[in-house]
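Take a look at the structure set out below.
A note on names: the letters A, B, ... follow the listed sequences, proteins ahead of strands, and every chain is numbered from 1. Predicted model only: the values in this text are computed from it and were never measured.
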There are 2 protein chains.
Amino acid sequence: MENRGASLDTAFHALADPTRRAVIHRLMTGPKAVKELAEPFDMGLPAFLKHLRVLEDSGLIATGKSGRVRTCSIRPQRLLEVETWLSEQRALWRAGADRLAAYVENQMTEDDDA
Amino acid sequence: MENRGASLDTAFHALADPTRRAVIHRLMTGPKAVKELAEPFDMGLPAFLKHLRVLEDSGLIATGKSGRVRTCSIRPQRLLEVETWLSEQRALWRAGADRLAAYVENQMTEDDDA
DNA sequence: ACTATAGTTTGCCAATCGGTGAACCAAGTG
DNA sequence: CACTTGGTTCACCGATTGGCAAACTATAGT
């Protein structure tokens, strides 16, 4: 059951890096080989492979080797879990906000500045 | 413009920790003082304050002091930005899946024709 | 004024992170 | 076969993280 917390840990951690988010983004349009994926980034292959490993360990992507080329593809489920957690939290907030709005209507002026 | 990337960095990073996610969760039902927030966690106050600072720097929460008590509240906007990024990615994926489905369907009808 | 409370700062620590270069496979290719 | 290509592993590095204990500040209660 608390598996879920751990997978959120790794998923959020994986997404907390611009390189890895860019990889996710580029994989959304279809699977790609490691070299093709790595090409736009200014770093060596070992560093890039580490990023891929973080992504794979988090369950956000899947990779498989055929011949000497490793192909990476997205795994939408894990991304959905993250989205689900977020929307659950926001639903909770909405409930509270609704309760509050029924009581004090003009408290939200603070929210405007940010 | 690319401020957005940086704020996603810090937001995802902030969420990549169970303690911090729990703080977010508990704040969803309304603002709380630091001590009240810290109470369920098995760590010293300094460590907990570091977590709060990470959350505040990420823009996920806001804190303010009145008297000697610092009160923390949620900031839904940043959370929404994260959700937005995720749903954008998924939309991209959907588009690809739809393209594939259309392609497959097209192939099938062509097979039908032939 | 004294004391308990709520928070803050400082210095320290081990573990993890993001990167490097160099050496090393293993699979295609001429 | 020799050689290139795509990926992998290894040892190392500086910076950041997440925790601690201890000393400190400032408000609130009596």
Q) CG of A:D17 versus P of C:dG19: gap in Å, rounded? A) 6 Å
(Q) Please report the distance, rounded to the nearest Å, between CZ in A:R53 and C1' in C:dT16. (A) 15 Å
Q. Considering only D:dT17, D:dT8, C:dT20, which nucleotide approaches the side chain of A:A47 most closely?
A. C:dT20
Q. Taking the nucleotide of DNA chain C with the closest heavy atom to each, which residue, A:S66 or A:D42, is nearer the 5' end?
A. A:D42
(Q) Please report the distance, rounded to the nearest Å, between NZ in A:K35 and C1' in D:dT4. (A) 11 Å
Q: Mind telling me whether B:F41 and B:F48 have parallel, tilted or perpendicular rings, with 30° and 60° as the class edges?
A: parallel
Q: Give me the one residue out of B:L60, B:D17, B:I74, B:T63 that meets side-chain contact (heavy atoms from CB on, under 4.5 Å) with B:L55.
A: B:L60
**Q.** Interatomic distance, A:L49 CG vs D:dA11 C1' [rounded to whole Å]
**A.** 17 Å
Q: Return the value, rounded to whole Å, for the distance between atom CE of B:M43 and atom P of D:dA21.
A: 13 Å
Q. The side chain of A:V69 lies closest to which of these nucleotides: D:dT17, C:dG18, D:dG7?
A. D:dG7
Q: Counting heavy atoms from C-beta on, name the nucleotide in D:dG6, D:dT17, C:dG18 closest to the side chain of B:H13.
A: D:dT17
Q.
If I take atom CZ in residue B:F48 and atom C1' in nucleotide D:dT17, what distance separates them, rounded to the nearest angstrom?
A. 17 Å
Q: Identify, between B:K50 and B:E36, the residue whose nearest nucleotide on DNA chain C lies closer to the 5' end.
A: B:E36
Q.
Measuring from atom CD of B:Q77 to atom OG1 of B:T84, what distance do you get when rounded to the nearest 0.5 angstrom?
A. 11.0 Å
Q: Mind calculating the distance between CZ (A:R20) and P (C:dC17) to the nearest angstrom?
A: 8 Å
Q | Spacing between B:D9 atom CG and C:dC17 atom P, to the nearest angstrom | A | 15 Å
**Q.** Same apolar cluster (I L V M F W Y, side chains within < 4.5 Å links), A:I24/A:L86
**A.** yes
Q. Nearest to the side chain of B:R70 - C:dC17, C:dT9, C:dG7?
A. C:dG7
Q) So, does the side chain of B:R68 form a donor-acceptor pair with the base of C:dA6 at under 3.5 Å? A) no
Q | Ionic contact status for A:R53 with A:E56, cut-off 4.0 Å | A | no
Q) Considering only D:dG18, D:dT9, C:dG7, which nucleotide approaches the side chain of A:P46 most closely? A) D:dT9
